[in-house]
Amino acid sequence: MPNIVVVGAGVSGLTCALLLAKQKGNTVTVVAKHMPGDYDAEYTSPWAGANVLPMALAKDSRWEGRTWPELRRLAATTPEAGLHIQTARVLRRTKDVTAGLKAALSDGLFQPDPWFRELMDDFREIPAAQLPPGMHSGCEFTSVCINTAVYLPWLVGQCAKHGVTFKRAVLKHISEAKGMMGPQGKGGKVDVVVNATGLLACRLGGVMDTKVYPARGQIVLVRNEAEGFMPTTSGCEDGEDEVVYVMQRALGGGTILGGTYMKGNWDPNPDPNIAMRIMKRAVETHPELTGGKGVEGLDIIRHGVGLRPLREGGVRIEKEVIDGTWVVHNYGHAGWGYQGSYGCAERVVELVDEIAAQTRRTSKL
Ligand code: FAD
């Protein structure tokens, strides 16, 4: 006890599976439609930059607060996981501050005097004289960039090392997970199902969460290098659902240029006009990307779209009984699934422990 099936092999499902499998007595199977190595807009995790730019408001900071130390540790001690240390530079435009910072990604990230100044190493406000034109203020801190093409397979490897079984399957209903424990589903009775289905939680029978919808993120991956800085700004002139960020991935993973945050938009195809705007903004904020040669100097690896799992009311991490089986939900991480992954997975482990303790108490009666 307990036998656990985790549905989902994105960063949320894999991190949960790893932490659960590390606990003595747990047996874990991961079941997923998509696995690391697949590229599909509705499988969000491979498309992320990914870096750590805290977005929570102070009251919700547990997930990011608990995750940062682990990601920093991995970057420092475990090169094969595909993370490296980079400096994040967050710029608040005068225009956006005056308008009350309503930009797409503005939640906690662009707040002046943010809660995460205590969390992130080397946090400093940028002196006014060093700000680019049009900027009200800004800050810098030590962060990481994660090469998702390395990190997700690394998580699979870590899970396998801790005895996790993997299975490909598309579930129509969450209750189907009950028959999927271990090889060929012959691993015994399932005690707990962890639902880490991301965006597709809105279509999964037994869950059908109508509060979940996409925030479409279009990116361009290039071979050009960004020299250690990851800039992002509170807005841009190209529209409220377009954003600006640049992140160089570890281990030759290229540089991600972003992006968009288009709420309710399911289009999986890269839009060439948006791609051109993304590239123009990137070379404007980061002329050294192309040595001053402008967009023509960019060497493109791939255009892509990932759909972030946005949820009205925020992430859902809670337990409930569905068709007689305990289900622990962990989905709806929007644009912070990596930077909140360990904090959320720790909470899932707590909930599974609570269920196991309750079941033990009941069976003694
Ligand atoms: P997913 O990765 O979508 O995984 C869901 C899993 O569930 C998949 O394996 C899928 O196959 C499976 N599944 C779903 N339904 C079923 C079913 N019915 N049957 C079987 N399996 C099923 N986050 C950061 O922290 N930092 C960043 O810098 C960052 N940048 C981003 C940039 C872009 C362009 C995008 C798109 C996202 C970014 N994010 C970032 C957000 C992050 O990528 C997501 O929050 C995270 O990937 C969500 O992971 P997940 O595991 O919950 O979902």
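- Hydrophobic clustering, with ILVMFWY side chains joined whenever heavy atoms are under 4.5 angstrom apart, groups M279 together with I274.
- With rounding to the nearest 0.5 angstrom, the CH2 atom of W115 is 5.0 Å from the CD atom of E64.
- Remark: K178 NZ to D191 CG distance equals 12.0 Å, nearest 0.5 Å.
- A distance-only check finds no donor-acceptor pair linking the side chain of N26 to the backbone of A21 [under 3.5 Å].
- The backbone N or O of G65 sits nowhere less than 3.5 Å from a side-chain atom of S61 that would complete a donor-acceptor pair.
- Contact between V212 and L199 at its shortest, heavy atoms only, is CG1-O, 3.5 Å.
- Remark: R203 is positioned above the aromatic ring of W266, its terminal NZ or CZ atom under 6.0 angstrom from the ring centre and at most 45 degrees off the axis.
- In this structure the side chain of V348 never reaches within 4.5 angstrom of the side chain of L19, judged on heavy atoms.
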Point to revise | Intermediate values then yes/no, side-chain contact (heavy atoms from CB on, under 4.5 Å), Y338 and Y151 | key: CA-CA 10 Å; Y338 283 84; Y151 183 64; 3.8 Å; yes
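- Considering all non-hydrogen atoms of both residues, L289 and A282 come closest at CD1-O, 3.9 Å.
- Between R117 and C139 there is no side-chain heavy-atom pair separated by less than 4.5 Å.
- R66 CZ to S341 OG: the interatomic distance, rounded to the nearest 0.5 Å, is 12.5 Å.
- Linking Ile, Leu, Val, Met, Phe, Trp and Tyr residues whenever their side-chain heavy atoms come within less than 4.5 Å leaves I4 and V327 in two separate clusters.
- Rounding to the nearest 0.5 Å places CD1 of I301 at 8.5 Å from CG of N224.
- For residues 319-328, the set of pairs meeting the side chain to side chain donor-acceptor pair (under 3.5 Å) definition, not counting sequence neighbours, comprises S175-D323, R316-E320, K319-E354, E320-H329.
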Exercise for review: Go through N330 and N195 one step at a time and tell me if the side-chain contact (heavy atoms from CB on, under 4.5 Å) criterion holds.
Suggested key: CA-CA 6 Å; N330 179 25; N195 171 22; over 6 Å; no
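- Salt bridge D238/R281: present, at least one basic N to carboxylate O contact under 4.0 Å.
- Because its NZ or CZ atom is both nearer than 6.0 Å to the ring centre of Y39 and within 45° of the ring axis, R302 counts as a cation-pi partner of that residue.
- Under the 4.0 Å criterion applied to side-chain N and carboxylate O atoms, K263 and E240 are not assigned as salt-bridge partners.
- The line from CG of L200 to CG of L171 is 11.5 Å long, rounded to the nearest 0.5 Å.
- Taking a 6.0 Å sphere around NE2 of H162, one finds it holds more than 12 heavy atoms contributed by other residues, nucleotides or ligands.
- In summary, the side chains of T148 and R249 do present a donor paired with an acceptor at a separation below 3.5 Å, with no hydrogens or angles considered.
- Crowding of E225 atom CD: a count of heavy atoms from other residues, nucleotides or ligands under 6.0 Å not exceeding 12.
- The two residues P309 and G198 have their closest heavy-atom pair at CB-C, 3.8 Å.
- The closest donor-acceptor contact from the side chain of T67 to the backbone of G343 lies under 3.5 Å.
- Here the side chain of S234 pairs a donor or acceptor atom with the backbone of R93 at under 3.5 angstrom.
- For the pairing with L298, the side-chain contact (heavy atoms from CB on, under 4.5 Å) check across V220, T255, V283 returns one residue only, V283.
- No side-chain donor-acceptor contact under 3.5 Å links D241 and T260.
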Practice item. Kindly indicate, with the supporting measurements, whether the criterion side-chain contact (heavy atoms from CB on, under 4.5 Å) is fulfilled by V7 and I174. Key: CA-CA 8 Å; V7 185; I174 190 76; 4.2 Å; yes
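- Criterion: ILVMFWY side-chain heavy atoms under 4.5 Å apart, direct or through other members. Under it, M120 and M55 are part of a common hydrophobic cluster.
- Of all heavy-atom pairs spanning R308 and G335, the tightest one is CD-CA, 3.8 Å.
- In this structure, W154 and L74 have side chains that are in contact, with non-hydrogen atoms separated by less than 4.5 Å.
- Residues V156 and V30 share a single hydrophobic cluster, defined by chaining ILVMFWY side chains whose heavy atoms lie under 4.5 Å apart.
- Cation-pi geometry between R89 and F229 is met: the NZ or CZ atom falls under 6.0 Å from the ring centre, inside 45° of the normal.
- Side-chain atoms of T232 come within 3.5 Å of backbone atoms of V244 as a donor-acceptor pair (strictly under, hydrogens ignored).
- We find that E350 and R347 are joined by a salt bridge, their nearest charged nitrogen and carboxylate oxygen being less than 4.0 Å apart.
- If you check the side chains of Q218 and R216, you find a donor sitting under 3.5 Å from an acceptor.
- Annotation: side chain of C145 is not in contact with side chain of Q248 (no heavy-atom distance under 4.5 Å).
- Between D96 and R92, none of the side-chain N atoms (NZ, or NE/NH1/NH2) sits under 4.0 Å from a carboxylate O, so this pair counts as no salt bridge.
- Side-chain N or O atoms of E140 include none that pairs as donor or acceptor with a backbone N or O of I126 at under 3.5 Å.
- Under 4.0 Å is where a charged nitrogen must lie from a carboxylate oxygen, and between D38 and R168 at least one such pair does.
- Not one N or O on the side chain of T165 forms a donor-acceptor pair closer than 3.5 Å with the backbone of P183.
- Residues L221 and I300 fail the side-chain proximity criterion, which asks for heavy atoms closer than 4.5 Å.
- For T94, there are no side-chain hydrogen bond (donor to acceptor under 3.5 Å, both in side chains) partners two or more places apart in sequence or in a different chain.
- Panel note: side chain N3, backbone K189; a donor-acceptor pair is recorded below 3.5 Å.
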What side-chain donor-acceptor pairs closer than 3.5 Å can you find for residues 43-53, not counting sequence neighbours?
from	atom 1	to	atom 2	distance (Å)
Y43	OH	A9	O	2.9
T44	OG1	L307	O	2.7
S45	OG	V11	N	2.9
W47	NE1	D40	O	3.2
W47	NE1	V305	O	3.4

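- The nearest pair of heavy atoms linking A356 to P2 is CB-CG, 4.2 Å.
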Point to revise | Derivation and outcome, side-chain contact (heavy atoms from CB on, under 4.5 Å), residues K211 and L310 | key: CA-CA 8 Å; K211 292 182 184 155; L310 201 56; over 6 Å; no
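- For M208, the CE atom is densely surrounded, since the number of other residues' heavy atoms within 6.0 Å is greater than 12.
- With contacts defined as side-chain heavy-atom distances shorter than 4.5 Å, the pair F166/T29 does not qualify.
- Note that CG of N147 and CE of M247 are 12.5 Å apart. Values are rounded to the nearest 0.5 Å.
- Inter-residue side-chain proximity for E70 and R72 is flagged as unmet; no heavy-atom pair is nearer than 4.5 Å.
- Salt bridge K167/E176: absent, no basic N to carboxylate O contact under 4.0 Å.
- Here the closest non-hydrogen pair linking Y213 and G264 is CD1-N, 3.7 Å.
- Both I317 and W336 are members of a single hydrophobic cluster when ILVMFWY side chains are connected at heavy-atom separations under 4.5 Å.
- The side-chain heavy atoms of E242 and R277, taken from C-beta on, include a pair separated by under 4.5 Å.
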